[in-house]
Amino acid sequence: MALFSKKFDIDSNDPMAYGQASSNFKKTLKQLGIPSPIIKRTAIAMYEAEINTIIHGGGGSGSVVIEDDHILIIFEDQGPGIPDIELAMQEGYSTASSEIREMGFGAGLGLPNIKKNSNGLDIESEPGKGTKVTIRIDL
Amino acid sequence: MSNIHSVILDKDKCMGCTNCISHCPTEAIRVRHGKASIIDERCIDCGECIRVCPHHAKRAQSDTLDMLKNFDFTVAVPAPTLYGQFKDHFSIDQILTALKELGFDDVFEAAEAADIVTSELKKKLKNKKEKVPWISSSCPAVVRLIQIRFPALLDQIVRIESPMEIAARIIKNDIYPEKKNIGVFFISPCPAKITAVKKPIGSKASSVDGVIAINEIFLPLHAAAGNLEKVEELGRASYWGVSWARSEGESHSTEWPETVAVDGIENVLKFFEELENGKIKHVDFIEAMACPGGCVGGALTVENPYISKARIIRKAGKLIEEDRGGRLKPDSHAVLGMDTDIQPKQGLKLDVDFKKALEKMAKIEEIANELPGLDCGSCGAPTCRALAEDIVVGTAKKNDCIFVLRDEINHLTENLAELGSWMPPLFSEREEKE
């Protein structure tokens with residue numbers, strides 16, 4: 001049984017709310033007294049994943065779980081899925097539309113950045129069905 | 001404990017309304033027993049509550065001119081914001097001469113020290129190796145905000161002291177090293193600077209001896225400035241140094257292409273959120289000011305911030321032509337850097353024990369879900385979430401929420417009505433259930 005867990009919806013229709021889940025969880029981690037460097041990595045990884053869920057997945061749901069020695073962050077969407085995960089992991093590779101890029105997102109750095117800032121990244125994806133991203137941050 | 005903060009409450013004037021609690025950037029105020037009270041560990045002395053209080057019940061503890069008599073020799077260090085309080089026909093020299101008229105033996109502009117910080121910043125930016133973006137250290141409310149809410153950004157704060165502190169060091173070490181019992185007084189637009197002297201952040205002790213609020217000194221100073229026999233040529237700061245009084249002054253003074261200026265504490269909060277998420281890119285230097293418009297918006301000023309800002313632009317503009325140059329000697333002993341680490345503050349931490357903190361957090365989530373989510377403030381906490389936190393740490397009760405209380409009363413009356421019409425089986429006409 002997890003020591004702490006929380007679920008939330010990720011709404012892709014409200015640009016003002018982009019990053020809301022990450023910001024809220026960041027505040028939680030600060031209140032828990034988690035060391036800053038870990039909070040920083042968690043914030044960056046979670047934010048990137050949240051944005052991916054919005055711009056690629058069309059929104060979905062997320063959850064965070066805190067255990068004794070690690071944090072799990074999970075995002076799920078029913079979007080188009082990732083046909084080639086290895087390719088998607090490459091820095092600079094992006095399928096984002098020019099509109100999304102205009103907004104400052106979709107530079108192809110999201111997944112590599114998540115990997116860089118986390119201790120474990122697991123992507124389950126099926127084209128046409130959706131994507132589930134699980135991020136582990138060790139405490 | 002009130003001596004660690006400069007923002008104080010005048011209990012007689014406080015009506016117990018909720019204006020201040022909802023504007024506090026660190027959720028440091030609660031209304032209890034009809035009066036606002038400040039949670040010491042969280043207050044950053046930004047002065048936001050002073051600004052929004054309709055009853056003027058919040059003010060800052062400022063020193064007064066009376067304190068000058070405690071010293072044999074006194075030097076005023078006016079913030080450039082002071083110049084913006086005076087109409088255009090009052091020159092900077094005139095304002096500085098008027099300060100001497102009020103009893104100071106000499107003046108040294110904070111703007112002149114700002115010029116020194118600028119040249120240090122330029123050097124740093126030219127050989128930037130360390131992690132960017134750097135965050136300016138000049139606004140003490142912003143530095144304290146980072147300590148409490150953004151500890152992960154602490155190592156990005158520029159390790160150069162504020163112009164106020166550098167001015168005081170130059171006065172004591174370079175200009176008047178032989179003077180004993182010398183008093184340096186900063187003329188301040190904000191309470192955050194007052195606290196920065198009483199409780200320095202980046203250095204063990206401040207070289208400033210007193211801080212006088214602009215609104216404390218303005219009337220006598222204005223009178224003196226209008227009645228001068230002779231105006232001395234005292235101004236030494238450049239266009240850039242004086243421009244530090246307004247937003248973008250500091251960042252533009254670096255003449256570095258990739259800088260950004262953020263002003264207003266709410267905007268600073270949002271900007272730092274994004275910075276922490278790694279969303280802000282291609283910026284090397286961040287000027288962040290707690291007050292709208294920069295220091296001209298300080299809570300202890302007298303003039304409208306935007307009028308003041310416009311005047312600063314005009315007064316600084318005159319200095320482009322006549323720059324008299326600063327007084328820092330090349331062999332200066334003045335130390336520009338900070339001498340201690342800036343530590344994170346634990347004002348938001350729920351418990352020192354991680355497991356206990358987690359339990360409390362789970363409780364907070366549970367209670368927050370049961371509260372109405374209106375953030376009405378009637379309980380004395382700024383948001384429903386903050387009330388949930390207060391309940392869990394034991395400083396509030398669930399019934400403090402008037403909606404929860406109403407529900408409780410409803411239940412109670414329903415139960416009472418039901419109980420009131422209840423008949424003992426002896427008298428009732430109830431049919432036995434099969």
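In what follows, chains are A, B, ... by sequence order, proteins preceding strands, each numbered from 1.
Q156(B) contributes no side-chain N or O that, together with a main-chain N or O of I135(B), makes up a donor-acceptor pair within less than 3.5 Å. The backbone N or O of Q20(A) lies less than 3.5 Å from a partner atom in the side chain of E50(A), making a donor-acceptor pair. Between the side chain of R149(B) and the main chain of P25(B), a donor-acceptor pair closer than 3.5 Å is present. Using a distance-only test at 3.5 Å, with no hydrogens or angles considered, a donor-acceptor pair links the side chain of S137(B) to the main chain of I160(B). Judged by distance alone, with hydrogens and angles left aside, the side-chain atoms of T53(A) form no donor-acceptor pair with the main-chain N or O of G60(A) at under 3.5 Å. A donor-acceptor contact shorter than 3.5 Å is absent between the side chain of D138(A) and the backbone of H70(A). R144(B) contributes no side-chain N or O that, together with a main-chain N or O of I201(B), makes up a donor-acceptor pair within less than 3.5 Å. With hydrogens and angles ignored, the 3.5 Å screen pairs a side-chain donor or acceptor of D84(A) with a backbone N or O of E86(A).
Proximity to chain A (any heavy atom under 4.5 Å) is shown, for D353(B), by neither the backbone nor the side chain. For N117(A), no part sits under 4.5 Å from any heavy atom of chain B, backbone or side chain.
For the residue pair N267(B) and D263(B), no side-chain donor N or O sits within less than 3.5 Å of a side-chain acceptor on the partner. A donor and an acceptor atom, one from each side chain of E165(B) and S203(B), are nowhere located under 3.5 Å apart.
Contacts between residues 355-390 of chain B and chain A, counted as heavy-atom pairs separated by less than 4.5 Å, involve K355(B), A357(B), L358(B), M361(B), A362(B), E365(B), R385(B), E389(B). Of residues 25-48 of chain A, those residues with a non-hydrogen atom less than 4.5 Å from any non-hydrogen atom of chain B are, in numerical order, K26(A), K27(A), T28(A), K30(A), Q31(A), L32(A), G33(A), I34(A), S36(A), K40(A), A43(A), I44(A), Y47(A).
Listed options P344(B), G278(B), P151(B) were ranked by heavy-atom pairs under 4.5 angstrom with chain A; first place goes to P151(B). Taking L154(B), N277(B), L350(B) one by one and counting their heavy-atom pairs under 4.5 Å with chain A, the maximum is reached by N277(B).
Heavy-atom minimum distance, S251(B) versus T259(B): CB-OG1, 3.7 Å.
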